[in-house]
**Q** 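Handing you this structure, nothing more for now.
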2 protein chains.
Amino acid sequence: MDETPTGPTGETEAEVRATATAPQKGTVTQRAIERIKGMISEGLLEPGQRLPTERDLAAQLGISRSSMREAIRALTVLGVLEARHGSGIYVTRLEAGDLLETFGVVADLTRGPRLVELLEVRRILESTATALAAARITPDRLAAVEKHLTAMNATDDPEEILAHDLAFHREIAVAAGNETMAAILDGLSSRTFRARVWRGYQEEGAFARTRREHAAIFRALAARDPEAARAAAAAHVGEVEEWLRSQVGPS
Amino acid sequence: MDETPTGPTGETEAEVRATATAPQKGTVTQRAIERIKGMISEGLLEPGQRLPTERDLAAQLGISRSSMREAIRALTVLGVLEARHGSGIYVTRLEAGDLLETFGVVADLTRGPRLVELLEVRRILESTATALAAARITPDRLAAVEKHLTAMNATDDPEEILAHDLAFHREIAVAAGNETMAAILDGLSSRTFRARVWRGYQEEGAFARTRREHAAIFRALAARDPEAARAAAAAHVGEVEEWLRSQVGPS
DNA sequence: TGGCCATAGTGGTCGGACCACATCGATGGC
DNA sequence: GCCATCGATGTGGTCCGACCACTATGGCCA
């Protein structure tokens, strides 16, 4: 797309300049990823903004469309970009939910002792979030929490229970007023992750205990008692954590 | 490339079977990503194991090598796979560090009010990690922490200070005995993230205060006092958090 | 005026070609 | 006999060009 090729392989002026500042570090695709990330963090690309076409981007960086597509795909999976077939490529809103969606992958692929550690992280965050929620929760949101609590107790279908269980904790996390924390907890409770752990846990007849713990959490929220809420949430997650610890590392 | 085309577009037998179980949900690349993720979570692919070649994988899923490469690239960026030029594609160890490396991207691209939330998450995790470290840290690791503390105080080069600052907290996180938490904190303290926030913070002459806070954290660790350690760490991160809050959302 | 449709532009997929690098075995010298 | 060297082979990395699927736009027709 440029005139005056400056080298035997036909690099454009722009490419030569880029090569001078960043001499072949890693693959061209990796460089393209860093480049686009850089454009965003430097403010050249705003959230929601549309990018040039794949073909144009590739030309600008002096690489092939294939390599550029790999870069775009990677950033898409990371929740940074969003490709709309027939329309164009856009920067996401870059909100917590967008960027932390990949956290689910971590939860799904973690195994062994690391799984216990992940649950420990969740215990720490969940207990704090619940304590914050107790201090800040609004009446209508508290009602929503109660709705999921009763719905959870009204059915025997494990699928439905799990769904309301997730929603129960999600409402609380949002009520804590920290969307980033809520997004992380969401990832740590991703559908497949919970199913993986809870299947075995609930098979040991832990339904009753789970219900009791949920009720305790709700009572603490209704009473606007942060300390009680923290304790209840920590105990709730801690129960599963301890069970999992015994499964993974039988001393 | 196959014989006996079974449809007007020339699908192979394998593709028809796959289509029957997973009817065109999303792009073929996305399907390939899910497929490989599934193979790993189901244990068909072990950590460290080598995968078939790109060409073979593409043939197995009935897609082109280009699409398969995009899938592999995405999983590589996510820290699930590792491609070694000339050798092959391998599953990573799937350890906390591998999978949580992408957390740095989140820290780098988060902005505005979400940045404060991210720092709040760090405060929660860091204070807990420091408390745990106070109870568990070994003498040699404590010595390593002290080394970074003194090195940090011995220089005026901001770059060097930052490096030792990072190492200081990293040693503590590792000493807490939860590699997953350490990996997350690592991501939340990624070089560019810290530089972005720290620059403005330190410009206000916060060096002295930072040193005092670090000293307090170390004293609590040396005294094996978890509560003091938690408080010191929380105050340390909280200082920055408050400053950032005033910068972002001037009420 | 309003809805429909041809069209241009975009991302999605494909196949093939070539290059750069790693690996390993054969070869040759010590 | 042993080890260093050097090829051959196979792998991921890059590029190209073509075509498909979808969207959006604008003009056309009722």
**Q** In whole Å, I'd like the distance from the CD atom of B/Glu70 to the P atom of C/dG12.
**A** 8 Å
**Q** More 5' along DNA chain D: B/Gly88 or A/Ser64, using each one's nearest nucleotide?
**A** B/Gly88
**Q** Using 30° and 60° as the class limits, which term best fits the ring planes of B/His148 and B/His164: parallel, tilted or perpendicular?
**A** tilted
**Q** Rounding to a whole Å, what distance do you find between A/Met68:CE and D/dG17:P?
**A** 17 Å
**Q** Of all the choices, C/dC14, D/dA18, D/dG13, which nucleotide is nearest to the side chain of B/Ala83 once you look at every atom?
**A** D/dG13
**Q** Compare all side-chain heavy atoms of B/Leu119 with those of B/Phe193 and state whether any distance is below 4.5 angstrom.
**A** yes
**Q** Ignoring backbone atoms, establish whether A/Arg69 has a side-chain N or O less than 4.0 Å from OP1 or OP2 of C/dG12.
**A** yes
**Q** With sugar-phosphate meaning primed atoms plus P, OP1 and OP2, does A/Arg55 contact a base, only sugar-phosphate, or nothing at under 4.0 Å between heavy atoms?
**A** base
**Q** Looking at A/Glu82 and A/Arg93, does any basic side-chain N land under 4.0 Å from a carboxylate oxygen?
**A** no
**Q** From CD of A/Gln30 over to P of D/dG12, roughly how many Å is that when rounded to an integer?
**A** 17 Å
**Q** Round to a whole Å and report the spacing from CZ of A/Arg31 to C1' of D/dC15.
**A** 14 Å
**Q** Nearest-Å distance, CD1 (B/Ile89) to P (C/dA22)?
**A** 16 Å
**Q** Is a donor-acceptor pair below 3.5 Å formed from side chain B/His85 to base C/dA20, judging by atom type as modelled?
**A** yes
**Q** Toward the 5' end of DNA chain D, which comes first, A/Thr29 or B/Asp56, by nearest nucleotide?
**A** B/Asp56
**Q** With respect to the side chain of B/Val28, which nucleotide from D/dA24, C/dC14, C/dA22 is positioned closest?
**A** C/dC14
**Q** Measure from CZ on B/Arg65 to C1' on C/dC18 and round the result to the nearest Å.
**A** 11 Å
**Q** Can you measure A/Leu57 atom CG to C/dG11 atom C1' for me and round it to whole angstrom units?
**A** 12 Å
**Q** Side chain to side chain contact (heavy atoms under 4.5 Å, CB included) between A/Arg73 and B/Gln30: does it pass, once the steps are laid out?
**A** CA-CA 9 Å; A/Arg73 173 73 64 177; B/Gln30 197 61 41; 4.1 Å; yes
**Q** Scan B/Ile72 against the nucleic acid and name what it touches under 4.0 Å (heavy atoms): base, sugar-phosphate only, or nothing.
**A** nothing
**Q** Provide, to the nearest angstrom, the distance between the OH atom belonging to A/Tyr90 and the P atom belonging to D/dT23.
**A** 12 Å
**Q** Considering only heavy atoms from C-beta outward, does the side chain of A/Lys25 approach that of A/Arg31 to under 4.5 Å?
**A** yes
**Q** Does C/dG11 have OP1 or OP2 sitting under 4.0 Å from an N or O in the side chain of A/Ser87?
**A** no
**Q** Taking N and O atoms by type only, does the side chain of A/Arg84 place a donor or acceptor under 3.5 Å from a partner on the base of C/dG12?
**A** no
**Q** Base of D/dG13, side chain of A/Ser66 - is there a donor-acceptor contact under 3.5 Å?
**A** no
**Q** Check every atom of D/dG13, D/dC15, D/dG12 against the side chain of B/Thr53 and return the nucleotide holding the closest atom.
**A** D/dG12
